[in-house]
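This report refers to the structure that appears directly beneath it.
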Amino acid sequence: MNLTKQSKLLFKPPPLLLLRRLSAEPNPPPPPLHQSPQDSESSIMTQALDLLLQTPQNEWNASPQLKHLLFSSSPTPRLLIQITRRFPSSSEALTFFNYIRSNLVSEESIPSLSYAFQAVFELASREPDSPEKLFDLYKACKDQNVPLSINSATLLIRFFGKVNMVDQSLLVYNELDPNIRNTHIRNVLIDVLLRDGRVRDALIVLDEMLDRESNFPPNDLTGDIVFYPLMKKEHVRSGVSDEEIVALVSKFGEHGVFPNTLWLSHLIARFCRNRKCDQAWDILHELMKLGAALEAASCNALLTGLGKDGDFKRMNQLLVEMKENDIEPDVVTFGILINRLCKSYKVDEALEVFEKMSGGKDSDGVSVEPDAIIYNTLIDGFCKVGRQEEGLGLMERMRLQKGCAPNVVTYNCLIDGFCKSGNIERGQELFDQMKEEGIMPNVITLNTLVDGMCRHGRISSAVEFFREMKSKGLQGNAVTYSTLINAFCNVNNIQEAMKWFDDMCGAGCSVDAIVYYVLISGLCQAGRMNDASLVVSNLKEAGFCPDLVCYNVLISGFCKKNMLDKAYEVLKEMDDIGMKPDSVTYNTLISYLSKSGNFSAAGRVMKKMIKEGLVPNVVTYGAIIHAYCLNGLVDEAMKIFKDMSSASKVAPNTVIYNILIDSLCKNNQVELALSLMDDMKVKGVRPNTNTYNAMFKGLREKNMLEKAFKLMDKMIEHACHPDYISMEILTEWLSAVGQTEKLKKFVQGYAVSVAPA
DNA sequence: ATAGGGTTAG
C-alpha cells in the first residue's frame, strides 16, 4: 500500500468553517521541550505505522518490535492520535484502539486513549453511514469508560447537529464531564441548537456562560453564533422578546463581547421601526458605557429613529456623545440631520449644517463631502418652503462639485417647488432642461407636473401632458390616476373621475387602496351614495379594506343625505370587524344629530364617546354650537361656548368664534359680536378673512361705517387678505354710501379709518 | 433624497 498517497487522502483539509471552529481547541500538545525533538517522534510514528500495516492485526500482540516501539516509554497522546488517524478506515483504527487499550492499563494513559478514540471518530465521520456508526462508536467509547476528548465531543455534537440528530448532540453534551464543557464546546452546541430552531435550549446553555462568575465566559465566536440568528424573522417570532435581546447584548457586553456594527445597526433600526426608540437608545448607551467600539452606522440608525419621532433634543445629545466618544460622523449622519431639519422647515439651519460639514475650518475638524443625496434633500427642503430660487442655486453648486451632478431627483424636487407655487411654466422649462441634459424624466416627474397643473385649474393641460408622455412610453401609475380622479372630483365632474378610474383598471396598472378612497370620497362629496357604496364593494373585491377614514367619509356622506339608517349600518360593520370609531366618527354623528334638532340624541352620543375614552374637543363643541345657532338658539350656543372654555377646558379657536360672530351678527347682536372679537384678541385667537366677512355683513346691516373702517385697517395690519366675499360686501356697501375711495385705498393696502390729510 | 388621498364645527 502506498502510504504517502493514503495519508494525503486522509489529510484532506476540512472545510474552512469547520477548521475555524475545530481549531479553537488545540489538539494534543506537542512534546515537551526537554524530550526528544519532533523528528524522533515522527520517526517512531513512521516505523510503527509500517509495522502495523504490514503485520496482520491478530499478530500485533505477538510482535515484540511493535510493543517496543509503542509501549517501551509511555506513548504521548499526540503520537497515538497521529498513528490512529493514518489507518485507512475507522474499523481498522478501532482495532488498533483496542490493541493499545489492552496494552495501556494505567490511569495516566487515559488521555492518550481519549485522543486515539478521537481519531476513530474522525475517520468514521468521513465514511458512509457515518451517523449510525458514530453513535455506535460513541456508545462503545462510553462502555469502555474512555472519556471523550474535547474535540471528540465537539465533533460528535456538530456532526449530529448537521444530520438533524440534535437530541444526540444534547446527549453527548449532557453526558460530558461538566469540567470540560468549555466555551468552545458550548459555542458548538449553541450553534447546533439555534440552527435547529431550539432557541430556548440554546439560551439555557448560554445563560450559564453569561453568568458573572462564569468559568466559561462567552467569546467573540459566541457573539457571532448567538446574535445573527436572533436577527432573523423566524427567530424573532420564536419567542425571544426585544427585552431579552437587550438583556443578552448587555450581558455579553459585561464580558467584553460586543455585536458588530452591522448587526447593531439592524437591531437599532428594528427597534426604532417598532416604536421602541427608548430601548434602542438604552442599548446603544449601555454599549457605550461598557466601552464598545461604536461606529457611525449604529448611531445613524438611532438618529433616524429619533428624527422620525421629532426628538431633536436626544438627537443633539447623541451627536455630542458621538463627539465625546470619537465616533466620526459620516455622510449619512449629516444626511439624517439635514433631512430632519428640512422636514421641520428649518432650512436655514439645514444649510448651516451643510456648510459646516465640508468646511472643516472650525475646531470640529470634521470634513465630509456632501453627496447628491444631501444636495437633493436640501433642495427639496428649500422648495418645500417656497424658496425655489435658492434651490436652483444649490443645483448650480452641485454642478461644480466632482461626481455630484444633478439627477432626476434634483429636477423632480425643483419642478415640484415651482409647480406648487403656481409657476407651472417654470416647471415645464425645467422639464425641458433636464431632457436636454440627458436626464430621463420618470413617473414621479410626470406625476409632479400633472399634480401641479391640476392644482392650478389646468386639468385639461394635465390630461394632455399625461397622454403625450404615455405616447412616448412613460406609463402612469396609481398616483397619476388618483391625482386626476381627485382633480375631477374637486370640480364635481364625477363622470370624468369614473372614466379615469375605469381607464386605470384597463391600463393594467397596479391599483392601491388610495385610488379607491379618493373616488369614494368624491362620490360622497357629490352625494352619490349608491355609487360610493358600489366602489366600496369594488374595493373589497380587490382585496382591500376600508380604513377608519374611509368609514368616516361614508358615515358623513350618509348623514348629509339624511340616511341615518345607512350611517348606522356602516357603524355596525365597523363594530363587526372590531374597528373602533374615533372622535371624527363621533363628531360627525353629533353634528348631524344636533343639526337636525335632536340635541338629546347628540348628548347620548357624546356620553358614549366619553365612555369609550375619547375626549370631546373643539370640533365637538363647534358642531353643537353651530347647531344651536342654526336652530335659532344663539343664547344656548353662547352658554355652551362659555361652558366649553370654563368647565371643559377646551380652548376656542377661530372657527368657533366665526360661527358665533356670524350668528350674532345675523341675530342683530352686532355689539356682542364685536365684543367677541375683543375676546379673541385677549385669548390670542387670530381672526381670519371669514371673521371679518361675518363682521362686515353685520356692520353693513347696522350701517356702522366707522367700525367697518377700523376693521379694514386691522385686516391690513394683520396681513389678512380680503377674498371675493369681502370685496362683494364692501364694494356694494361702500359704493352705496359713496366711499369708493376708501375701498380703493384698502385694496392698495393703505389705512382707511383716518381721514386723508 | 423626489410624486397622489379621503373624515368632523366655519
Side-chain angles (χ1 to χ4, degrees), chain A residues 332 335-336 338-339 342-343 370-381 383-384 407-417 419-420 441-452 454-455 476-487 489-490 512-525 532 546-557 559-560 581-592 594-595 616-630 637 644 652-663 688-691 693-694:
Chain A
V332 178
I336 296 165
I338 290 170
N339 188 27
C342 285
K343 294 291 181 290
D371 57 9
I373 294 181
I374 299 245
Y375 272 105
N376 288 343
T377 308
L378 205 52
I379 290 170
D380 186 53
C383 288
K384 289 278 191 296
N407 57 26
V408 63
V409 178
T410 320
Y411 274 100
N412 288 346
C413 295
L414 288 163
I415 291 171
D416 190 48
C419 282
K420 289 256 161 62
N442 59 18
V443 69
I444 297 181
T445 323
L446 164 70
N447 293 340
T448 303
L449 278 160
V450 166
D451 180 65
C454 286
R455 273 177 206 268
N477 62 12
V479 177
T480 328
Y481 289 98
S482 65
T483 305
L484 288 172
I485 291 166
N486 190 38
C489 285
N490 284 338
D512 60 18
I514 291 179
V515 196
Y516 287 95
Y517 297 155
V518 170
L519 187 57
I520 291 166
S521 163
L523 291 169
C524 287
Q525 209 97 47
D547 64 359
L548 180 56
V549 176
C550 186
Y551 279 122
N552 285 342
V553 167
L554 288 166
I555 290 170
S556 153
C559 282
K560 277 187 190 126
D582 67 355
S583 24
V584 174
T585 324
Y586 284 106
N587 289 345
T588 306
L589 291 168
I590 290 168
S591 166
Y592 171 76
S594 49
K595 255 185 212 135
N617 57 18
V618 68
V619 178
T620 322
Y621 287 104
I624 296 167
I625 289 169
H626 187 213
Y628 275 121
C629 289
L630 288 176
M644 169 184 106
N653 61 10
T654 306
V655 176
I656 298 257
Y657 277 107
N658 288 354
I659 296 168
L660 285 167
I661 288 171
D662 189 54
S663 300
N688 60 19
T689 307
N690 292 330
T691 324
N693 289 350

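Being a predicted model, the structure only gives us computed values, none of them experimental. Numbered from 1 within each chain, the chains take letters A, B, ... in sequence-line order. Keep in mind that the numbers below use all heavy atoms, side chains included, and drop hydrogens, waters and symmetry copies.
OP1 or OP2 of B:dT8 has at least one side-chain nitrogen or oxygen of A:Ser556 nearer than 4.0 Å. For A:Thr588 and B:dT7, the shortest distance from a side-chain N or O to OP1 or OP2 is not below 4.0 Å. For the OP1/OP2 pair of B:dA3 and a distance below 4.0 Å, the side-chain nitrogens and oxygens of A:Arg455 include no atom meeting the criterion. Side-chain nitrogen and oxygen atoms of A:Lys420 include at least one within less than 4.0 Å of the OP1 or OP2 phosphate oxygen of B:dG4. Taking side-chain N and O atoms only, A:Lys560 has no distance below 4.0 Å to OP1 or OP2 of B:dT7. In this model, the phosphate group of B:dT8 is not approached by any side-chain N or O of A:Lys595 to a distance below 4.0 Å at OP1 or OP2.
Among the heavy atoms of the strands lying under 4.0 Å from A:Ile659 are primed sugar atoms or P, OP1, OP2 only; no base atom is included. Residue A:Ala478 is in base contact, counting any heavy-atom pair closer than 4.0 Å across all strands shown. Across all strands, A:Val450 comes closer than 4.0 Å to no nucleic acid atom at all (heavy-atom distances). No engagement by A:Asp582 is indicated, since no non-hydrogen atom pair under 4.0 Å with the nucleic acid exists. As judged by a 4.0 angstrom heavy-atom cut-off over every strand, A:Val619 is placed among the base-contacting residues. Within the 4.0 angstrom heavy-atom criterion, base atoms lie near A:Asn688. Across all strands shown, A:Val553 has heavy atoms under 4.0 Å from sugar-phosphate atoms exclusively, and none from any base. Within 4.0 Å of A:Cys550, counting heavy atoms only, lies at least one base atom of the nucleic acid. Backbone-only contact: A:Asp380 has heavy atoms under 4.0 Å from sugar-phosphate atoms and none from a base.
Counting only heavy atoms from C-beta outward, the side chains of A:Asp416 and A:Ile444 never approach each other to under 4.5 Å. Side-chain atoms of A:Gln525 and A:Asn490, non-hydrogen and from C-beta on, never get closer than 4.5 Å to each other. A:Asn688 is listed as a side-chain neighbour of A:Asn658, based on a closest heavy-atom distance under 4.5 Å.
For B:dG6, the base is stacked against the aromatic ring of A:Tyr517, per a cut-off of 5.5 Å between centres and 30° between planes.
Summarising the geometry, the separation between CG on A:Leu548 and P on B:dT8 is reported as 13 Å, rounded to the nearest angstrom.
Residue pairs satisfying the salt bridge (Lys or Arg N to Asp or Glu O under 4.0 Å) criterion with at least one member in residues 621-630 of chain A, sequence neighbours excluded, are absent.
Side chain A:Asp512 to base B:dG4: a donor-acceptor pair is found below 3.5 Å. For B:dG4, the base has no donor-acceptor partner in the side chain of A:Asn477 [N/O atoms by modelled type, under 3.5 angstrom]. For B:dG4, the base has a donor-acceptor partner in the side chain of A:Ser482 [N/O atoms by modelled type, under 3.5 angstrom]. Donor-acceptor pairing under 3.5 Å, judged by distance alone, is present between the side chain of A:Asn653 and the base of B:dA9.
Applying the side chain to side chain donor-acceptor pair (under 3.5 Å) rule to A:Thr445 yields the partners A:Asn412, A:Asn442; only residues at least two apart in sequence or on another chain are considered.
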